[in-house]
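Below are the structure tokens for one structure; questions will follow.
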Amino acid sequence: MKELEKVYNPQEFEDRIYDFWVKEGAFHSEPDENKQPFTIVIPPPNVTGQLHMGHALDETLQDILIRYKRMQGYNGLWIPGTDHAGIATQIKVEEVLRKEEGLTRYDLGREKFLERVWDWKKMYGDRIINQLKKLGSSCDWDRERFTMDEGCSKAVKEVFVNLYNKGLIYKGNRIINWCPQCTTALSDAEVVYEEQPGHFWHIRYPVKDSNEYVTIATTRPETLLGDSAVAVHPEDERYTHLVGKMLILPLVGREIPVVADEYVDKEFGTGCVKITPCHDPNDFEVGKRHDLEEILIMDGNAKINANGGKYKGMDRYEARKQIVKDLEEGGYLVKIEDHTHNVGACYRCGCTVEPMASSQWFVKMQPLAEKAIAAVKEDQTQFVPDRFSKTYLNWMENVHDWCISRQLWWGHRIPAYYCDACGEMIISKEDVHTCPKCGAPMRQEEDVLDTWFSSALWPFSTLGWPERTKELDYYYPTSVLVTGYDIIFFWVARMIFSGLEQMGETPFKHVLIHGLVRDSQGRKMSKSLGNGIDPLEVIKEYGADALRFTLATGNAPGNDMRYYPERVESSRNFANKVWNAARFILMNLKEEDLSFSAENLKPEDEWILTRYNEVVRDVTETLNKFEIGLALQKVYDFIWDLFCDWYIELVKPRLYAGGEESASAQKVLLYVFSGALKMLHPFMPFITEEIWQALPVEEKACVTARFPVYDSKLTFPAGAEKMEHIMETIKAIRNRRAEMNVAHSRKASLYIETAHAEWFEGAESFYQKLSGADRVFINQPAPEGTVKLVCNGANLYIPFAELVDIEGEIARLTKELEKAKGELARVEGKLSNQGFIAKAPAALVEAETAKKEKFLALIVSLTESIEEMKNK
RNA sequence: GGAGGCAUAGCUCAGCUGGUUAGAGUACUUGCUUGACAUGCAAGGGGUCACUGGUUCGAUUCCAGUUGUCUCCACCA
């Protein structure tokens with residue numbers, strides 16, 4: 001038998017335990033027809049290669065579920081996420097390149113640049129894996145298999161061609177969100193809106209051949225350069241006479257028409273809107289309806305292009321300044337108003353996005369969304385908690401077409417090939433070098449796909465699709481996806497419709513959504529605030545188990561949680577408690593044969609076994625419902641309160657006495673404790689395994705042991721009830737001794753007066769050990785001069801008369817009496833209510849009746865006691 | 001503008017399909033080096049479950065409204 005260190009020190013064993021699991025093949029997950037699969041798809045880690053608190057939360061919840069399922073005999077597989085083609089990766093590398101070598105990606109060229117990204121990617125990938133091990137993550141991460149390799153690219157091409165052939169992918173000129181810093185298009189989901197102070201510039205547009213003019217207001221005056229009309233509402237009498245007339249665009253001198261369009265809100269501003277089809281999504285639509293000229297005025301860096309005339313080459317903000325100045329000088333500027341408005345920013349780099357017309361690839365969402373909506377409505381995929389399905393459905397029902405092309409290099413290149421000679425375009429899974437029409441060389445599309453396009457295929461592309469591999473057969477659809485609510489649109493939704501479209505089946509049965517980890521003041525953890533907490537630092541100080549415990553408990557599913565160091569500390573204290581309980585048990589296990597059997601059980605054994613069984617049942621139930629925090633709370637309460645504070649204390653006299661009674665106690669101790677360890681293992685894997693290795697148990701490792709199962713043969717209602725009565729009286733005695741300031745060392749006799757002598761028989765040692773009694777008498781006359789305690793079903797007498805403060809005692813008893821009377825009134829109120837008697841369940845009526853009896857008896861005893869006191 | 005969350009002890013939060021003497025951790029008060037643990041043990045104080053109605057025999061729990069607060073989505077020039 002291995003000894004445990006005297007002091008709980010997780011640093012001493014966590015790494016060793018992890019290696020032990022790997023050596024034992026505990027995370028093995030080859031398809032096995034004799035086992036049920038349990039698959040978890042996990043979100044991508046963040047780009048810095050540094051484990052952050054949110055990711056630690058993801059990993060912890062996933063790991064708890066998969067360890068639990070493995071212990072139930074399931075074949076558990078992680079499908080780890082990688083940010084395998086993200087914009088952020090490229091931007092990060094470009095940043096490093098710029099800083100350290102003063103180069104841009106164009107200086108390096110596509111191929112060399114991609115090599116750089118790939119090396120960098122591997123480096124941080126390794127770092128993340130090592131960090132996850134520290135956390136206890138049982139993901140057997142196969143990097144060769146789960147990276148952006150041949151296979152993944154194959155899947156991407158396959159899907160692209162499939163969708164294109166079904167008419168679900170198209171190329172078109174549309175307004176997209178353009179990030180001038182990342183120099184790429186962004187999808188709607190990648191834009192974050194923020195309120196910013198700005199201005200309304202009111203500008204006068206003269207009517208051609210007239211003294212009239214219209215006034216428009218804009219927040220972006222520089223877009224004036226791209227105006228091709230001014231729109232008014234068709235029923236706006238103020239302007240009907242102008243519709244069809246031409247205006248002279250200030251500074252530019254271009255003639256633009258006044259058009260009538262329902263899009264304009266008569267009530268808002270002057271009722272006139274300048275129309276800039278290439279730089280505003282609504283204007284773009286108006287432009288299409290009225291066949292207006294489309295004038296793009298900026299380049300990829302948001303600098304004014306040749307269409308901007310004299311402003312060419314200016315940055316958009318520079319141009320704004322200059323244009324405002326020129327308008328003012330030309331007498332066109334009517335007024336400037338302060339105005340706060342929402343400005344869209346790139347969610348990666350924070351740069352203000354520019355809406356721009358551009359030729360991009362899109363996925364037609366409506367047909368895909370319809371299936372994805374049906375799948376969730378029909379519960380093929382269930383969100384936990386359920387309310388997040390509303391978030392999902394809301395988004396899906398209002399979804400716009402998805403812009404999937406990105407003007408980046410790191411990513412899957414779109415499998416489209418162009419012939420410059422004859423204009424032919426081919427979409428193909430295979431590379432096409434010569435044009436089948438004219439024989440000229442073809443060139444592949446430069447753009448790459450949105451990260452989330454390939455990420456959306458993750459649940460099946462990683463399993464070998466489009467090949468029909470045995471992994472795919474066995475593990476798809478996966479069991480559960482665990483992620484934060486902030487990623488529902490980016491990833492969850494897209495995996496669902498992609499899975500449905502390509503596999504004909506939803507990619508996972510459950511989506512477990514959790515909240516965000518915030519700092520102690522409720523703020524989001526962020527780099528700019530500097531309030532982020534490094535999980536590795538926490539692990540170093542308190543151990544991975546303590547961090548996992550903290551992340552798994554203390555809040556309801558889907559709600560945000562705050563991070564407090566004090567909470568980790570209290571988790572660590574629990575680990576310490578378990579550690580010391582283990583040490584106590586180990587130093588008391590002296591028997592050769594420790595195999596448990598339900599024989600020679602004492603009431604305290606029956607009590608703890610009954611409670612243990614209940615906890616096994618409850619924990620299993622709650623975990624099956626993904627109520628992870630609740631399950632852990634139950635294990636915690638059982639171990640600390642019931643097992644350590646009560647059972648161990650109750651059983652100490654037997655252990656010290658030795659003999660047959662000690663032997664049976666040892667067996668129960670080991671049985672219950674090892675079972676509790678197994679229940680605790682998914683939550684706190686390291687400490688439970690380390691202790692397991694020291695215990696004389698049959699199963700070789702806690703990680704591969706079988707999760708406890710409820711056993712009706714091991715519940716003993718009678719024994720459990722007897723113990724509850726004894727414990728209630730012990731609490732009452734302790735309470736009174738504390739109130740009277742009786743030293744723990746001062747022993748006293750105890751006289752129990754009861755109509756249920758059987759409840760208290762054989763309990764002498766408990767009273768001696770736990771309530772400072774030296775001798776215990778049942779139903780024997782108590783001597784004069786005692787303290788009387790009134791309990792449910794028994795009166796207790798302790799000879800401490802000299803310590804009694806009569807006045808205080810009367811006050812205390814009176815308070816108790818009032819409380820009991822209040823309870824009685826409540827119960828009687830219920831029982832006298834005919835509606836209650838008639839409609840409430842019978843068991844409840846019975847229970848209330850029993851309560852009434854109990855309170856009646858209590859009131860009689862208390863009243864008597866008060867009278868006695870008054871007579872003294 | 002649309003949708004959703006939250007409001008329970010000083011603080012952070014549990015409380016699953018209505019019936020509990022409304023809980024935990026932490027903080028606070030008191031007493032304990034009781035042969036696993038002071039990272040501990042024992043005892044205690046502390047809550048009109050935001051407010052107003054409704055449904056019900058019965059509401060912290062379900063429904064509606066009000067107030068406060070947070071978040072997401074859309075976005076009007």
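Residue numbers start from 1 in every chain, and the chains themselves are labelled A, B, ... in the order their sequence lines are given, proteins ahead of strands. Because the structure is a prediction, the values reported are computed rather than measured.
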(message) Using 30° and 60° as the class boundaries, would you call the ring planes of A:F200 and A:H339 parallel, tilted or perpendicular?
(response)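 A:F200 and A:H339: parallel rings.
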
(request) If the plane angle is over 60° it's perpendicular, under 30° parallel, otherwise tilted; pick one for A:F643 and A:F673. (result)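 Parallel, since the angle between the ring planes stays under 30°.
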
(request) Give A:M587 one of three labels, base, sugar-phosphate or nothing, depending on what nucleic acid heavy atoms sit under 4.0 Å from its own. (result)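 Sugar-phosphate only.
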
(message) Rounded to whole Å, how long is the line connecting atom CZ of A:F638 with atom P of B:G23?
(response)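 Atom-to-atom, A:F638 to B:G23, this comes out as 21 Å.
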
(message) In terms of relative ring orientation, are A:W640 and A:F574 parallel, tilted or perpendicular, with 30° and 60° separating the classes?
(response)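 Parallel: the ring planes of A:W640 and A:F574 meet at under 30°.
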
(request) Identify which nucleotide among B:U21, B:U71, B:C41 has an atom closest to any side-chain atom of A:K819, counting heavy atoms from C-beta outward. (result)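 That would be B:U21.
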
(request) Grab the CD-C1' distance between A:E627 and B:G15 for me, whole Å please. (result)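 In whole Å, B:G15 C1' lies 11 Å from A:E627 CD.
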
(message) Using Watson-Crick or G-U wobble geometry with both distances under 3.5 Å, which nucleotide pairs with B:U17?
(response)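 WC or wobble partner does not exist here.
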
(request) Would you check if the distance from the ring center of A:Y332 to the ring center of A:Y205 is below 6.0 Å? (result)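 Between A:Y205 and A:Y332, which both carry aromatic rings, the centre distance is not below 6.0 Å.
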
(message) Need the pair for B:U26. Rule: Watson-Crick or G-U wobble, both distances under 3.5 Å, any strand; none if unpaired.
(response)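 Here B:U26 is engaged in a pair, and the nucleotide opposite it is B:G10.
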
(request) Identify whether any heavy atom of A:E566 sits under 4.0 Å from a base atom; if not, whether one sits that close to sugar-phosphate; answer base, sugar-phosphate or nothing. (result)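 Contact class for A:E566: none.
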
(request) May I ask you to say what A:A556 touches in the nucleic acid, namely base, sugar-phosphate or nothing, with a heavy-atom cut-off under 4.0 Å? (result)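 Result for A:A556 = sugar-phosphate.
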
(message) Going by purine N1 to pyrimidine N3 plus the second Watson-Crick contact, or the G-U wobble pair, all under 3.5 Å, which nucleotide sits opposite B:C32?
(response)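 Pairing partner, where one exists within any strand: B:G40.
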
(message) For A:K815, is there an ion pair with A:E818 - N to carboxylate O distance below 4.0 angstrom?
(response)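 Here A:E818 does not pair with A:K815 in a salt bridge, since their nearest N and O are not under 4.0 Å apart.
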
(message) What is the distance, to the nearest angstrom, from the CD1 atom on A:I730 to the C1' atom on B:U34?
(response)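 It works out to 15 Å between those atoms.
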
(request) Please determine, for the side chain of A:N735, which listed nucleotide (B:U39, B:G44, B:G19) has the closest atom? (result)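 Minimum distance to the A:N735 side chain belongs to B:G44.
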
(request) Hey, which sits more toward the 5' end of RNA chain B by its nearest nucleotide, A:R562 or A:N588? (result)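 The residue whose closest nucleotide sits nearer the 5' end is A:R562.
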
(message) From the set B:G25, B:A14, B:C37, return the single nucleotide nearest to any side-chain atom of A:N559.
(response)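 The nucleotide sitting nearest to the side chain is B:A14.
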
(message) Output the rounded distance in Å from CD (A:E569) to P (B:C11).
(response)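 Rounded to whole Å, this separation is 21 Å.
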
(message) Taking B:U69 as the reference, what is the distance to B:C51 when you measure between their C1' atoms (whole Å, please)?
(response)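 Nearest-Å result for B:C51 against B:U69 at atom C1': 15 Å.
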
(message) Could you tell me how far B:C63 sits from B:C6 if I compare only their P atoms? Round to whole Å.
(response)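 Looking at atom P only, B:C6 and B:C63 are 11 Å apart.
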
(message) When the C1' atoms of B:A50 and B:U60 are compared, how many Å lie between them, rounded to an integer?
(response)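 B:U60 and B:A50 have their C1' atoms separated by 12 Å.
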
(message) In whole Å, measure the gap between the P atoms of B:U71 and B:C13 for me.
(response)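 So the two P atoms sit 14 Å from each other.
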
(message) At less than 4.0 Å, is any side-chain N or O atom of A:R737 found next to OP1 or OP2 of B:A43? Yes or no.
(response)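 A:R737 to B:A43 OP1/OP2: no side-chain N or O under 4.0 Å.
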
(message) Under a 3.5 Å cutoff, is there a donor and acceptor pairing between the side chains of A:E337 and A:H199?
(response)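 No, no side-chain donor-acceptor pair sits under 3.5 Å.
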
(message) Within the structure provided, determine whether A:H233 and A:D261 are in side-chain contact (heavy-atom separation under 4.5 Å).
(response)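 Counting from C-beta outward, A:H233 and A:D261 never come under 4.5 Å.
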
(message) Can you see whether A:S765 engages A:K652 through a side-chain donor-acceptor pair at a distance of less than 3.5 angstrom?
(response)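 No, A:K652 and A:S765 have no side-chain donor paired with an acceptor closer than 3.5 Å.
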
(request) Would you mind telling me which of A:V668, A:L642, A:D641 makes a side-chain contact (heavy atoms from CB on, under 4.5 Å) with A:Y647? (result)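 Result for side-chain contact (heavy atoms from CB on, under 4.5 Å) with A:Y647: A:V668.
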
(message) With a 3.5 Å limit on both atom pairs, tell me what B:U69 is paired to, counting Watson-Crick and G-U wobble, or say none.
(response)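 With both distances under 3.5 Å, B:U69 matches B:G5.
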
(message) Distance check needed: B:C70 P versus A:R518 CZ, whole Å only.
(response)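 The answer, rounded to whole Å, is 11 Å.
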
(request) Could you let me know what B:A77 is paired to, Watson-Crick or G-U wobble, both distances under 3.5 Å, or none if it's on its own? (result)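 Looking at the geometry, B:A77 pairs with no nucleotide.
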
(message) If you compare every side-chain N and O of A:K634 against the phosphate oxygens of B:G23 (OP1, OP2), does one of them come in below 4.0 Å?
(response)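 So the side-chain polar atoms of A:K634 never come under 4.0 Å of the phosphate oxygens OP1 or OP2 of B:G23.
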
(message) Tell me whether the ring of A:Y656 lies stacked over the B:G35 base, given a 5.5 Å limit on centroids and a 30° limit on the plane angle.
(response)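 Answer is yes, a stack.
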
(request) Would you indicate which nucleotide in B:G5, B:C41, B:A36 comes nearest to any side-chain atom of A:W640? (result)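 Looking only at side-chain atoms, A:W640 lies closest to B:C41.
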
(request) Would you please indicate if the ring centroids of A:F490 and A:Y347 are separated by under 6.0 Å? (result)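 Here the rings of A:Y347 and A:F490 have centres that are less than 6.0 Å from each other.
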
(request) Name the pairing partner of B:A59, where a pair is Watson-Crick or G-U wobble with both distances under 3.5 Å, or state none. (result)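 Partner of B:A59: none found under 3.5 Å.
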
(request) Can you tell me the distance, in whole Å, between the CD atom of A:E823 and the C1' atom of B:A22? (result)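 The distance from CD of A:E823 to C1' of B:A22 comes to 12 Å, rounded to the nearest Å.
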
(request) Check whether the side chain of A:E649 and the base of B:A36 form a donor-acceptor pair under 3.5 Å. (result)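 Present.
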
(request) For nucleotides B:C16 and B:A77, find the distance between their P atoms and express it as a whole number of Å. (result)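 The answer is 45 Å between these two P atoms.
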
(request) Please state the P separation for the pair B:C72 and B:A59 - nearest whole angstrom. (result)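 Pairwise P distance, B:C72 against B:A59, rounds to 37 Å.
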
(request) Quick one, give me the B/S/- string for nucleotides 72-77 of chain B, reading 5' to 3', where B means a protein heavy atom under 4.0 Å from the base and S means that only happens at the primed atoms, P, OP1 or OP2. (result) SSBBBB

(request) With the side chain of A:F836 defined as its heavy atoms from C-beta on, choose the nearest nucleotide among B:G19, B:U39, B:G4. (result)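 It is B:G19.
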
(message) Whole angstroms only, please: what is the CG-C1' distance between A:N555 and B:U8?
(response)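 Between C1' of B:U8 and CG of A:N555: 16 Å.
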
(message) Expressed as a whole number of angstroms, how long is the span from A:I488:CD1 to B:G5:P?
(response)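 Going from A:I488 (CD1) to B:G5 (P), I get 13 Å.
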
(request) Could you grab the distance from atom CD1 of A:I691 to atom CG of A:L680, nearest 0.5 Å is fine? (result)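 Answer for the CD1-CG pair, A:I691 versus A:L680, is 8.5 Å.
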
(message) I'd like to know if A:E614 pairs up with A:R617 as an ion pair, taking the criterion as any Lys NZ or Arg NE/NH1/NH2 lying under 4.0 Å from an Asp or Glu carboxylate oxygen.
(response)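 Here A:E614 does not pair with A:R617 in a salt bridge, since their nearest N and O are not under 4.0 Å apart.
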
(request) Could you give the distance separating B:A14 and B:C76 at their P atoms, to the nearest angstrom? (result)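 Per the computed distance, 37 Å lies between those P atoms.
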
(request) Kindly state which residues belonging to residues 848-855 of chain A come within less than 4.0 angstrom of RNA chain B, counting heavy atoms of the residue only, listed by number. (result)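 A:K851, A:K854 - these, ordered by number, are the residues of the stretch whose heavy atoms sit under 4.0 Å from the strand.
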
(message) By nearest atom, which of the nucleotides B:G40, B:A43, B:G19 is closest to the A:R734 side chain?
(response)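 Side chain of A:R734 sits closest to B:A43.
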
(request) Tell me which of A:G835 and A:Y8 sits closer to the 5' end of RNA chain B, going by the nucleotide each one is nearest to. (result)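 It is A:Y8 whose nearest nucleotide is closer to the 5' end.
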
(request) Select base, sugar-phosphate, or nothing to describe what A:R826 touches, counting heavy atoms under 4.0 Å on all strands. (result)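 A:R826: backbone/sugar contact only, no base atoms under 4.0 Å.
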
(message) Measuring only the C1' atom in each nucleotide, how far is B:G44 from B:A27? A whole number of Å is fine.
(response)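 Nearest-Å result for B:G44 against B:A27 at atom C1': 14 Å.
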
(request) Identify which nucleotide among B:G25, B:C37, B:G5 has an atom closest to any side-chain atom of A:R583, counting heavy atoms from C-beta outward. (result)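 Output: B:C37.
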
(message) Within the 3.5 Å criterion, strictly below it, is a donor on A:Y767 or A:T729 matched to an acceptor on the partner's side chain?
(response)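 Distance-only check passes for A:Y767 and A:T729.
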
